[in-house]
Each structure stands twice: as C-alpha cells, then as structure tokens.
Protein chains: 2
Amino acid sequence: MTDAPTEILHATQCALCEHGYADLTMQDIADETDLSKASIHYHYDCKHDLLLAFLDHLYERFEERIDDPDGETPAERLCALVDSIVTERSDAPAFQTALLEIKAQSPYDEAFRERLQRFDDAYVEAVREIVEAGVADGSFREGVDPDVVASFLATFVNGVQTRHVGVGHPLDESAEAVHTYIDETLLVESSTGNATGSSGGVEIGGASE
Amino acid sequence: MTDAPTEILHATQCALCEHGYADLTMQDIADETDLSKASIHYHYDCKHDLLLAFLDHLYERFEERIDDPDGETPAERLCALVDSIVTERSDAPAFQTALLEIKAQSPYDEAFRERLQRFDDAYVEAVREIVEAGVADGSFREGVDPDVVASFLATFVNGVQTRHVGVGHPLDESAEAVHTYIDETLLVESSTGNATGSSGGVEIGGASE
DNA sequence: CTTAGCTGACTGGCTGGTCAGTCAAAAATA
DNA sequence: TATTTTTGACTGACCAGCCAGTCAGCTAAG
C-alpha cells in the first residue's frame, strides 16, 4: 500500500489516460482511488497544484528512463533514446495525447511551461552527450555538431508525437525515418551496414490501433 | 461588410487567438462581432459545428497558401514551403497554440481528426511533388525517396510548431535546421552553395484583416 | 483530548443552449 | 399604391448541468 499522495498521483495518470486533460475532473481522479474528491483537496490544495506535482513526479521517472540508454555503440544508444519516446508502450497512446494537451496549455501557464522546459532540456542534453561521444569515438562524422543534431532530433521527436496524436501517423514509420536519418546523416559511411539494431524490416501500413 | 456567417468565422479566429481553444466560449466569439451569442447559435447550430466550419474555412486558405510556393528551383520552393509553416508572423504564436490545442483534441473527435488529416495530406503531397520534381530535375540526389522525405519533413514541421508552443523553442533556429537538412541530405553536393533563401513566409492561419 | 485523515453535502460561478418575442424588409393581398 | 402577412435575422433573459472548491463533522489512532 502506498501513501495517499502517491496513490493520487498514480490515479491522476490513469484518469488522464481515460479522460484526457481537457475533460479531467477532480472526480475522475477520485474515482481511480479509494478516496473521495474532498480527500484529494485535503492532500493537494487545488487542481493546478496536483497537476504540477504530477508533472514533477513524471519528470523523475523520465529522467531515469533517458539516463544511460541501452546499447553498445553511440548509434545504438542514440536509437534507443529516440525509441524510448517514439516506440509505443502499453498505455502510451492515450497518455501521449494527454501530454500534448498539456503542452498546448503551456503558453497560458508559466508553471507548466517551466516543467516542460525541464523535460526538453534533459532530453536534448541526453542526445547531445551521445552524439558527442559518437563523434569523439569516430563512429559519427566529424562535421556533425552535437548541439545542432540534438536540437534537430528533439524537434523531430516532438513532431512524431504530435503527428501521431493529431492525425494518427504510425509511430513505427516515424521510428524508421529517424533510424534512416541517423544511418545516412550521422554515421560515417563504411559499409552500408546499419548499426541501427532496431526492429528489422518494419514496413509501412501497420494499422495502429 | 461581409455576411454574418463569414464574420463569425473571422471572429472565431480572433477569439481563438485571445483565449485559446480550451477557454473559448461562445460569448468570447460573440464579443468579437456585432452580434449576440444567440445570433451565433442562429447561424451555427452548436459550438462544435462552428468549429468544424472554421476548420473547413481555414483549410481553403491553407490549400491556396501551399499551392505553388515561391522559388525557381525545387530547393527554393521546398524551403518556401517549409518556411510557410515555420516562419513567424505577427499574430502567429497565439494562433499556433490554438491549433495545437485542437490537434490534441483530435483523438476525442472524429470530425476534427478528419479535418486535420486533410491538412496533413495536402501538405505531405505538396512537399512530395516538389521533391519529386527535384529528383527528376537532377538538383536532388537520385537516392531520395519523395514519399519518405515528404513524410519526414511533415513530421519535423509538426515538431517545430509543437516545440515552439510547448517550450518556446525559437522558430528561426528550427528553420535553419531544416535548411541545413535540405542542403546536406537532399541536394547533390556541387558547390556548397545553399539555394536556401529564407523567404518571408506564410502559414496555416494568416489572419487577413 | 487532540489531531490527522477523510467524507457527504453543499455552494457559487460559469457556459452551452433555448425560447418567446422584437423588428425591418420582402412578399402577398386588396 | 396602400395594407397586411410572412419571414429571416436577431436578442435579452433564462435554464440546466457541470465542476472546483468549502465546510462541518465523523472516526480512529496516539
């Protein structure tokens, strides 16, 4: 049994997946717990505070997830880092949608923006370090600028999520596109081998749920 | 003076910029017109119908805008097409935000999704044609697949908007990143000359007075 | 007894949508 | 032409439902 505040944060995630951010009510969250709506107000002063706490909670898990991605070579690690966001997870689709809703609210909310900035900064930095390692290591081209590539990939990954949520563009197609980008633009061209040890031969048209 | 329905659509855009999608009320829209809230219900049965009509209205302007972009060479035209969405305009930031809010609602609304799909399809197709022309024309590498590149750029452009709205990532930096991508990945490497002249662009919802 | 945790019942504000009725202009009628 | 009727555009007032947040009070543990 976890303590109430943590249980509420967990319930918030469930409720977000089921109802989305826009339609999220305190009652929805309460319904995912053994507590009443009033109890949630006992632990978190207002809805806004709860959401901020939730984002902070989420960031901690995010940080762990992107820290030290799987893979031997920088190319593999870079792909793993991209996939960690792009690849579909069990509860992902609905949750990604809710996150995009929150992103879209960030201009109206300084505190949200600040939190999202942390996610972005952490991700860009993680990518940058790997690219930097790849260049030092000799597996990436000499010309590549880690800062530029990191920002480019971060932007692209944002696009993957948005386009997936917005028009249902399949994630695996996007994933393959990034892998191709990494192989062709970043890697020094030795053999045509792709160090991209990702899902072999994914093709277009996977009907995503 | 325009007719009432058109005036209401215009008012919808203004209200969206001022209040965002999430906080948009029928009263907000009415306040941007000489009409009352009830009058808007006279012309559009419900809020949802009005929003759909607004998206249709927007699509018409979007189609015209991306049709036949400025530029002599395919590379120039491609950059113009990218810039037409990426480049900032006076009232753009707020409106881009509202559009992202709508995108984030698309999973909950079949009709929205259908409209957004049209935007995406039209844009991808416009890019594809230009890339195809570039390959035929010899200015782009032989290996490039117009479909893949078009989808890649469409995804990236989505990311540009999302990252701009979500964490305030500067648009011009993104624009430069795409230009670099086009120069280095698409263009056959003759002289390092970049045909990439960034032009004053337009985008999804240029509010014409 | 005190207090932390919790709750049902309630409130106040907001918002989409309705409705009876106003009004001017077009259409019909004499 | 003069008068009446119809109709399209519009409106203020109102309603029903929803939801964040409040509060007095309950209970069990220390």
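Values in this document were obtained by computation on a predicted structure and should not be read as measured data. Labels below follow one simple rule: chain letters A, B, ... track the order of the sequence lines, proteins then strands, and each chain is numbered from 1.
Across all strands, B/L24 comes closer than 4.0 Å only to sugar-phosphate atoms, never to a base (heavy-atom distances).
Distance CG (A/D34) to C1' (C/dC6): 12 Å, rounded to an integer number of Å. Atom-to-atom, CG of B/D49 to C1' of C/dG16 comes out at 13 Å; the value is rounded to the nearest Å. Atom-to-atom, NZ of B/K37 to P of C/dG16 comes out at 7 Å; the value is rounded to the nearest Å. Atom CD1 of B/I40 and atom P of C/dT15 are 14 Å apart (whole Å). If you measure from atom NE2 of B/H41 to atom P of C/dG17, you get 5 Å, rounded to the nearest angstrom. Separating the CG atom of A/D31 from the P atom of C/dG8 is a distance of 12 Å, rounded to the nearest angstrom. For B/Y44 and C/dT18, the OH to P distance is 17 Å, given to the nearest whole Å. Put simply, CG on B/D28 is 7 Å from P on C/dT15, counting in whole angstrom units.
Between the side chain of B/Y21 and the backbone N or O of B/K103 there is no donor-acceptor pair closer than 3.5 Å. For A/S36 (side chain) and A/S39 (main-chain N/O), a donor-acceptor pair under 3.5 Å exists by modelled atom type. At distances below 3.5 Å, not a single donor-acceptor pair connects side-chain atoms of B/R128 with backbone N or O atoms of B/P146. A distance-only check finds no donor-acceptor pair linking the side chain of B/T185 to the backbone of B/I182 [under 3.5 Å]. A donor-acceptor pair under 3.5 Å is absent between the side-chain atoms of B/R115 and the main chain of B/Y59, judged by distance alone. A distance-only check finds no donor-acceptor pair linking the side chain of A/E32 to the backbone of A/A15 [under 3.5 Å]. For the pair A/T97 (side chain) and A/P93 (backbone), a donor-acceptor distance under 3.5 Å is present.
In this structure, the ring of B/F156 has its center no less than 6.0 angstrom from the ring center of B/Y181. Ring centers of B/Y108 and A/H19: at least 6.0 Å apart, outside the cut-off.
At a non-hydrogen distance threshold of 4.0 Å, nothing from residues 50-58 of chain A comes into contact with DNA chain C.
Side-chain N/O atoms of B/K47 and base N/O atoms of C/dG17 include no donor-acceptor pair closer than 3.5 Å.
DNA chain D is contacted by both A/A38 and A/Q27; A/Q27 maps to the nucleotide lying nearer its 5′ end (nearest heavy atom per residue).
Taking the 5' to 3' direction, DNA chain D first and last meets chain B under 4.0 angstrom from a heavy atom at D/dG8 to D/dG12.
Salt-bridge check for A/D31 with A/K37: failed, with every basic side-chain N at 4.0 Å or more from each acidic carboxylate O.
Residue A/S39 has no polar side-chain atom (N or O) positioned under 4.0 Å from OP1 or OP2 of C/dC6.
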Verdict with reasoning, B/L153 to B/L81, per side-chain contact (heavy atoms from CB on, under 4.5 Å): CA-CA 10 Å; B/L153 282 177; B/L81 195 53; over 6 Å; no

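B/F62 and B/Y123 have tilted rings, their planes meeting at an angle from 30° to 60° on a 0 to 90° scale.
Between C/dG17, C/dC6, C/dT18, one nucleotide has an atom nearer to the side chain of A/Y42 than all others, and that is C/dC6.
When the C1' atoms of four end pairs are superposed on the next four at each end of the helix from C/dC1-D/dG30 to C/dA30-D/dT1, using five pairs per end, the two resulting axes differ in direction by 20°, to 10°.
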